Amino acid sequence: MQQGIHPDYRPVVFRDKTGGLSFLTRSTAASERTVEWADGRTYPVVDVETSSASHPFYTGKARLMDTEGRVELYRRRYGG
């Protein structure tokens, strides 16, 4: 492996502002902002818009949008 060409791999906090979830992991993501974590250390923080805490698929609030009636058509044809 060549020296000096790889990005810095360090602990980073990812924070979902919508869902209120934060987790500490290692990443190459860069950020100017920092946050104090539960261990008392300060880490760079990257704000994300969607995570498993706020995505409708994971929260169970996903809805089936059937604007053309395809589900009903399938049920009529195949008796579902």
Side-chain angles (χ1 to χ4, degrees):
M1 183 164 57
Q2 293 181 347
Q3 298 296 322
I5 64 168
H6 300 284
D8 188 24
Y9 187 65
R10 65 193 184 291
V12 176
V13 174
F14 285 91
R15 178 173 55 188
D16 178 7
K17 292 236 180 193
T18 307
L21 175 72
S22 296
F23 57 92
L24 178 66
T25 187
R26 294 183 56 86
S27 176
T28 59
S31 176
E32 297 292 324
R33 291 174 288 156
T34 60
V35 67
E36 187 173 332
W37 194 244
D39 62 1
R41 295 183 182 174
T42 302
Y43 297 104
V45 63
V46 175
D47 290 324
V48 294
E49 293 188 23
T50 304
S51 72
S52 61
S54 63
H55 194 279
F57 179 79
Y58 296 107
T59 60
K61 296 181 180 166
R63 296 186 341 204
L64 175 63
M65 297 301 289
D66 184 31
T67 57
E68 297 185 26
R70 303 217 182 259
V71 173
E72 286 77 20
L73 178 64
Y74 178 85
R75 287 181 180 157
R76 274 187 276 142
R77 277 192 190 161
Y78 301 107

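No hydrogens, no waters, no symmetry mates; every other heavy atom, side chains included, goes into these values. This one's a predicted model, so the numbers in the text were calculated from it and none came from an experiment.
- For the residue pair Val46 and Ala29, the shortest heavy atom distance occurs at CG2-CB, 4.0 Å.
- Within the structure, every pair that satisfies the salt bridge (charged side-chain N to carboxylate O under 4.0 Å, His left out) test and touches residues 26-47, not counting sequence neighbours, is listed here: Arg15-Asp47, Arg33-Asp47.
- Considering only residues two or more places apart in sequence or on other chains, Val13 meets the side-chain contact (heavy atoms from CB on, under 4.5 Å) condition with Ser22, Leu24, Val35, Trp37, Tyr43, Val45.
- Partners of Ala30 by side-chain contact (heavy atoms from CB on, under 4.5 Å), not counting sequence neighbours, listed by chain and number: Arg10.
- For Thr28, the side-chain contact (heavy atoms from CB on, under 4.5 Å) partners two or more places apart in sequence, or in a different chain, are Pro7, Tyr9.
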